[in-house]
Amino acid sequence: MIKLNLLPNNKEHYLKLLQFCEEILDACRELTIVPILNAGLAVFAYTQNQKMDVNDIDLACSESDFPRLFEALEAKGIDCKVTDWHVLQARKGDLKIEFDSVEYWMKGIPQEFDYIEIEKLRMRIIGLDGLRELYKQGMDDTQNKDDKVNKSKYKKYKQKYEQLSALG
């Protein structure tokens, strides 16, 4: 069990994001969907780097759950959108939580999970090896693309991959 008691650099936004996540996780529980925390907040949890910003929260679940989740979140007044890149986005003002398709984004990723407690939230989190592999795949996918967006993504993925690799 990982317990995260630290705050990132952008404390105020982060605390609002956690409240929004609580609302999202309540909907997941009602639907018996058990999402997996991954990406930025998971990096923050493992590295405990308080200089980081946590701008959104990335969770993963089966893409087959997207329609039910979409409907339940919209019923709670949360703006939702399913993207072409296998992600369900949930937004409330400047807060964003994304559900990545486990089948698409976590293919080939070690399926080891732990649990994390943050404030009142408790959820599954991708294991450290899986998170490292997720960022390695992100680097591989964006490394040789010449457009500005992919160069920026590559730099961010590499930075997080290096932080995770330094953990051993």
Hey, mind stepping through D58 and E98 against side chain to side chain contact (heavy atoms under 4.5 Å, CB included) and telling me if it holds?
CA-CA 5 Å; D58 294 88; E98 293 190 328; 3.4 Å; yes

Interatomic distance, OH@Y14 vs CG@L41, rounded to 0.5 Å, equals 5.0 Å

Taking atom NZ of K76 as the centre, does the number of heavy atoms from other residues, nucleotides or ligands within less than 6.0 Å exceed 12?
yes

Parallel, tilted or perpendicular: ring planes of H86 versus Y104, cut at 30 and 60 degrees:
parallel

Residue pairs passing the side-chain hydrogen bond (donor to acceptor under 3.5 Å, both in side chains) test with at least one member in residues 26-42, sequence neighbours excluded, are D26-R29

Name every donor-acceptor pair, under 3.5 Å, that has one atom in a side chain of residues 115-129 and the other anywhere in the protein, sequence neighbours excluded.
| residue | atom | partner | partner atom | Å |
| --- | --- | --- | --- | --- |
| R124 | NH2 | V34 | O | 3.2 |
| D129 | OD1 | R132 | NH2 | 2.8 |

To the nearest 0.5 Å, what is the distance between CH2 on W105 and CD on Q137?
9.5 Å

Residues that E133 engages under salt bridge (charged side-chain N to carboxylate O under 4.0 Å, His left out), provided they are two or more places apart
none

For N55, side-chain hydrogen bond (donor to acceptor under 3.5 Å, both in side chains) partners two or more places apart:
N10

List, one per line, each side-chain donor-acceptor pair under 3.5 Å for residues 65-74, sequence neighbours excluded.
| residue | atom | partner | partner atom | Å |
| --- | --- | --- | --- | --- |
| D65 | OD1 | R68 | NH2 | 3.0 |
| R68 | NH1 | L31 | O | 3.1 |
| R68 | NH2 | L31 | O | 3.3 |
| E74 | OE2 | C80 | N | 3.2 |

Which salt bridge (charged side-chain N to carboxylate O under 4.0 Å, His left out) pairs, counting each pair once, include a residue from residues 77-91, with sequence neighbours left out?
none

Could you report the tightest heavy-atom contact between P35 and F99, atom names first, then the distance?
CB-CE2, 4.0 Å

Is any side-chain heavy atom of Q89 closer than 4.5 Å to one of T83?
yes

Rounded to the nearest 0.5 Å, how far apart are CG of L131 and CD1 of I36?
12.0 Å

Just verifying a value: how many Å separate L18 CG and I24 CD1, rounded to the nearest 0.5 Å?
12.5 Å

What salt bridge (charged side-chain N to carboxylate O under 4.0 Å, His left out) pairs are there with at least one residue in residues 33-49, not counting sequence neighbours?
none

Who are the side-chain hydrogen bond (donor to acceptor under 3.5 Å, both in side chains) partners of D114, not counting sequence neighbours?
none

List in chain and number order the residues that pass side chain to side chain contact (heavy atoms under 4.5 Å, CB included) with Q19, two or more places apart in sequence or in another chain; answer none if no residue qualifies.
none

At what distance, to the nearest 0.5 angstrom, does NZ of K136 lie from CG of L164?
13.5 Å

Heavy-atom distance under 4.5 Å between the side chains of L6 and F44, does that happen here?
yes

Backbone of Y46 reached by a side-chain donor or acceptor of Q48 within 3.5 Å:
no

Distance check, rounded to the nearest 0.5 Å: L17 atom CG versus K11 atom NZ?
15.5 Å

Here the pair of heavy atoms bringing Y154 nearest to M139 is CD1-O, 3.5 Å

What pairs with E103 under side-chain hydrogen bond (donor to acceptor under 3.5 Å, both in side chains), at least two apart in sequence or on another chain?
S62, S101

Scan residues 157-168 for pairs that pass side-chain hydrogen bond (donor to acceptor under 3.5 Å, both in side chains), counting only residues two or more places apart or in two chains.
none

Quick check: closest heavy atoms across A90 and I78, and the distance to 0.1 Å?
CB-CG2, 3.8 Å

Who pairs with H13 by side-chain hydrogen bond (donor to acceptor under 3.5 Å, both in side chains), at least two apart in sequence or on another chain?
none

